[in-house]
Amino acid sequence: MARADAFGIEPISFGSLAGSPDAMFELGMKYAVGREVITDLVTAHKWFNLAALKGNKAARDYRSEIARDMSRAEIATAQKLAREHLSAH
């Protein structure tokens, strides 16, 4: 699975909005639809999960929607990545 942050996209998109639920939601959308990055549902789920934890209600709906197209292993990986992000930030 390709990671767009290896191309320098995620840090630029995230920028000074680190921790903003709206910025996290936007990253989720980018990865979910492949806008400016390679489509990656695991990463999209991660960002939607983080945005939802910070109160973005739309992120909960989108997280549930993309989860229908993901395996249990992919969801577990996305949740692990979200936990790691929380631990690091």
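The structure presented is a predicted model; accordingly, all values stated were derived computationally and were not measured. Keep in mind that the numbers below use all heavy atoms, side chains included, and drop hydrogens, waters and symmetry copies.
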Taking side chain as C-beta onward, heavy atoms only, is [X] less than 4.5 Å from [Y]?
X	Y	value
His85	Leu50	yes
Met29	Phe48	yes
Val42	Leu81	yes

Residues that Arg68 engages under side-chain contact (heavy atoms from CB on, under 4.5 Å), provided they are two or more places apart: Glu65

Looking at [atom1] of [X] and [atom2] of [Y], how far apart are the two atoms once the value is rounded to the nearest 0.5 Å?
X	Y	atom1	atom2	result
Glu74	Asp69	CD	CG	9.5 Å
Gln79	His45	CD	NE2	5.5 Å
Met70	Leu41	CE	CG	6.0 Å
Lys80	Ile75	NZ	CD1	16.0 Å
Asn56	Glu26	CG	CD	9.5 Å
Lys54	Asn49	NZ	CG	12.0 Å

How far apart are the closest heavy atoms of Ala52 and Arg63, and which atoms are they? CB-NH1, 3.6 Å

Minimum heavy-atom separation for Gly28 to Ala44, with atom names? O-CB, 3.4 Å

Is it true that Tyr31 and Leu86 fall in one hydrophobic cluster, defined by side-chain heavy atoms closer than 4.5 Å? yes

Under 4.5 Å between side-chain heavy atoms, hopping through other hydrophobics if needed: is there a path connecting Leu53 to Trp47? yes

Are more than 12 heavy atoms from other residues, nucleotides or ligands located less than 6.0 Å from atom CZ of Phe25? yes

Heavy-atom count check: over 12 atoms from other residues, nucleotides or ligands less than 6.0 Å from Arg35 CZ? yes

